[in-house]
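Within every chain, numbering begins at 1; the chains are lettered A, B, ... in the order of the sequence lines, protein sequences first and strands thereafter. Because the structure is a prediction, the values reported are computed rather than measured.
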Amino acid sequence: MLLQFNLQIILLTAQVAWQRSVRPALVRDAVLLPLLGFAGLILLWWVVAAFVSELMPTPWEALVANLDYILHPFYRRGPGNLGIGWLLLASLKRVLIGFGLGALVAIPVGFLLGMSRQAMMALNPIVQILKPVSPLAWLPIALAIFNLANPSAIFVIFVTSLWPTIINTSLGVSSVSKDYLDVARVLEMPRWRQIIKIIWPASLPYVFTGLRISLGIAWLVIVAVEMLTGGIGIGFFVWDSWNRLNLSSVFLAVLVIGFTGLILDFAVGKLQELVTHRPVSQVEA
Amino acid sequence: MVKPNTHLASSAAATTSKGFLVIEDLVKAYPTPNGGETVVLDGINLSIGEDEYISVIGHSGCGKSTLLKIVGGLERSTSGAVWLEDREIRKPGADRMMVFQHYSLLPWLTVRENIRLAVDEVLSHLSSANKQQVVNEHLAMVNLTEAANKYPDEISGGMKQRVGIARALAIRPKVLLMDEPFGALDALTRGKLQRQVLDIWENHRQAVMMITHDVDEALFMSDRIIMMTNGPHAKIGEILEVPFPHPRKIEDVRGSKEFFALRNHALNFLDHHFSQD
């Protein structure tokens, strides 16, 4: 059973790696080496668990303890007692709403910053000062404004999503290839059509890079936010499991959070390929 | 041995009635950080006929691309002027369409959409069906009907440049400006594409100004070769008339004695100016 589960993980990883990167020449690169990596990690876990045996479960014990969660991800056993699938969906919902609102604000603002020197001079200092602030610092402010946990969590995700998208969008808009603009100039294209037909599509890959980074950070931050706000969600599940000294569930949550993050990133990448008709570069800012 | 028909540039342009495309006393200088200026082009005078194919040849950095950009309106001259049909050129315009060295295709549009974008902008008075027809004609002209729905990333360099040429010709410019159009291609593709472009030109003659650094290419394709001296202060050193009649066959041209005479003459000119540095 353990072996079977591990194989599933490895195959999925290999498949994702296969699609994301340059096609590996050998089965060894696609399957065996990742398999080796996972085996090493599990071995390390086992060794640590052998020394800290009172709290740390071994991989095998963790699997047995989590069987119920894994087999029934969508159970409802009374208020607050929900399967891990529901918790994951609740967290995803917060992230997607916050991220969506963030993108709606960040893309136009980034575009403005890229187009206008005055806007850049006026707004760039704000962006530069707020960017390094941990999004969690916004939580008390959000709680003061909304007085409710859920809108506050969404607000923190919203703020988190702003900066990478703003910065990358403005970079994309201001670095549109001169060649493309020369084509537009020779064709005597008016400015507003240049914006719609040249500058916007040319900067789309940068916009998507920003969105990918934003979504990645948002997914990181939601776990921490939910630990603080409580309620239904994968982050609170981690904290709640720790309070019940149930480390097995924490390990499960780590795995689930990791896979969900991977899938989110993959989904945005696919969307980018669909929209821009260009292969997604592996370079990330 | 044929003596190349050459004359000095300065004597060619001192006319009062302007020709089709006229470059007059053109100077281009860039300011330097220490307050001085670098003169790139120093007094260019040239007149091009309305169905003439000319090449501009010279070493890297002689300002030949700058000259083309000024004619295209993408750069301003410091003094002097360029006239197209007695109108002074001050800004870019679709009557002087460019074929760019690195193709400058828009990567988010298909081959067809790239050409259509130009047609939509310039031939906006046409109906949608007529625009479509213009696009299709030019796709066929450069043998790209099959690849019409591919994206630039999916086609070879030679195909990309054919799209660039189709895009330029589709909007029916008065002058076609080509900035080393075959420079980024491998030798085999280059030969094929030169042939294709010459075929198209021989069937639809118009004014062409082509920048190149390849003497063979210039001799094979053009009616006159403008040979530039080295920059800074680049001038027209010599103008070489190419006597081969159109339509040309590359084997005939390459086999002729005149070809070798002209080729040696041009190479000697370039060598001479290279060794001055």
Side-chain angles (χ1 to χ4, degrees), chain A residues 19-23 107 110-111 114-115 168-169 171-212 268-283, chain B residues 65 68-76 89-124 149-155 160 163-164 167-179 184:
Chain A
Q19 284 161 349
R20 274 169 55 99
S21 64
V22 188
R23 201 154 281 207
I107 295 174
F111 209 91
M115 292 293 294
N168 279 280
T169 303
L171 180 69
V173 170
S174 59
S175 62
V176 171
S177 165
K178 197 170 172 304
D179 291 356
Y180 304 159
L181 294 174
D182 278 351
V183 172
R185 286 174 65 201
V186 172
L187 295 173
E188 298 174 87
M189 202 182 264
R191 188 66 179 159
W192 65 273
R193 269 218 297 280
Q194 283 188 25
I195 292 172
I196 297 168
K197 289 184 143 183
I198 310 280
I199 297 171
W200 169 244
S203 47
L204 260 182
Y206 286 85
V207 175
F208 270 99
T209 300
L211 290 176
R212 278 177 89 171
V268 180
K270 273 285 151 201
L271 187 68
Q272 174 176 357
E273 270 179 42
L274 222 71
V275 172
T276 63
H277 304 293
R278 277 165 282 179
V280 175
S281 71
Q282 296 296 307
V283 186
Chain B
S65 282
L68 192 82
K69 280 189 180 137
I70 292 170
V71 176
L74 292 173
E75 284 196 35
R76 297 293 301 269
I89 289 168
R90 292 170 188 279
K91 60 188 180 70
D95 51 356
R96 288 154 281 130
M97 185 57 185
M98 290 260 251
V99 173
F100 298 88
Q101 184 179 6
H102 296 290
Y103 325 126
S104 292
L105 302 180
L106 305 176
W108 58 90
L109 298 179
T110 61
V111 166
R112 176 188 298 283
E113 287 163 348
N114 262 287
I115 301 172
R116 180 64 189 251
L117 178 102
V119 172
D120 277 344
E121 280 309 314
V122 180
L123 307 177
S124 49
N149 295 318
K150 291 196 169 166
Y151 287 92
D153 280 347
E154 299 168 347
I155 59 179
K160 283 182 199 169
V163 181
R167 173 176 68 184
L169 292 173
I171 61 171
R172 298 166 191 159
K174 290 174 182 156
V175 185
L176 187 64
L177 302 172
M178 300 204 276
D179 187 5

> I'd like to know whether CZ of A/Arg193 has more than 12 heavy-atom contacts from other residues, nucleotides or ligands below 6.0 angstrom.
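Atom CZ in A/Arg193 is packed in, count exceeds 12.
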> Counting only heavy atoms closer than 4.5 Å, note whether A/Ala184 contacts chain B via side chain, backbone, both or neither.
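Contact with chain B is absent: no heavy atom of A/Ala184 under 4.5 Å.
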> With a 4.5 angstrom heavy-atom cut-off, could you sort out which part of B/Leu74 is near chain A: side chain, backbone, both or neither?
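For B/Leu74, heavy atoms of backbone and side chain both lie under 4.5 Å from chain A.
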> So for B/Leu177, is it side chain, backbone, both, or neither that comes closer than 4.5 Å to the heavy atoms of chain A?
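When you check distances to chain A, no heavy atom of B/Leu177 falls under 4.5 Å.
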> Apply side-chain contact (heavy atoms from CB on, under 4.5 Å) to residues B/Leu117 and A/Leu187 and explain how you reach the verdict.
CA-CA 9 Å; B/Leu117 178 102; A/Leu187 295 173; 4.2 Å; yes
> At a heavy-atom separation under 4.5 Å, does B/Asn114 approach chain A through its side chain, its backbone, both, or neither?
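Neither part; nothing is under 4.5 Å.
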> List the atom of A/Glu188, the atom of B/Glu121, and the distance in Å for their closest heavy-atom pair.
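Looking at all heavy atoms of both residues, the closest pair is O-OE1, 4.4 Å.
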> Could you walk me through whether A/Leu204 and B/Trp108 satisfy the side-chain contact (heavy atoms from CB on, under 4.5 Å) test, starting with their C-alpha distance in whole Å, then the side-chain angles of each, then the deciding distance to 0.1 Å, before giving a yes or no?
CA-CA 10 Å; A/Leu204 260 182; B/Trp108 58 90; over 6 Å; no
> Working note: A/Lys197 + B/Leu106, criterion side-chain contact (heavy atoms from CB on, under 4.5 Å); need CA distance, chi angles, decisive distance, verdict.
CA-CA 10 Å; A/Lys197 289 184 143 183; B/Leu106 305 176; over 6 Å; no
> Could you look at A/Ile198 and say if it's the side chain, the backbone, both or neither that has a heavy atom under 4.5 Å from chain B?
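Answer is both: backbone and side chain atoms of A/Ile198 are under 4.5 Å from chain B.
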> Evaluate the criterion side-chain contact (heavy atoms from CB on, under 4.5 Å) for residue pair A/Val186 and B/Met97; output intermediate values, then yes/no.
CA-CA 6 Å; A/Val186 172; B/Met97 185 57 185; 3.4 Å; yes
> Is it the backbone or the side chain of B/Arg96 that comes under 4.5 Å from a heavy atom of chain A, or both, or neither?
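Only the backbone of B/Arg96 comes within 4.5 Å of chain A.
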> A/Asp182 versus B/Phe100: any side-chain heavy-atom pair under 4.5 Å?
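The answer is yes, as the side chains (C-beta and beyond) meet within the 4.5 Å cut-off.
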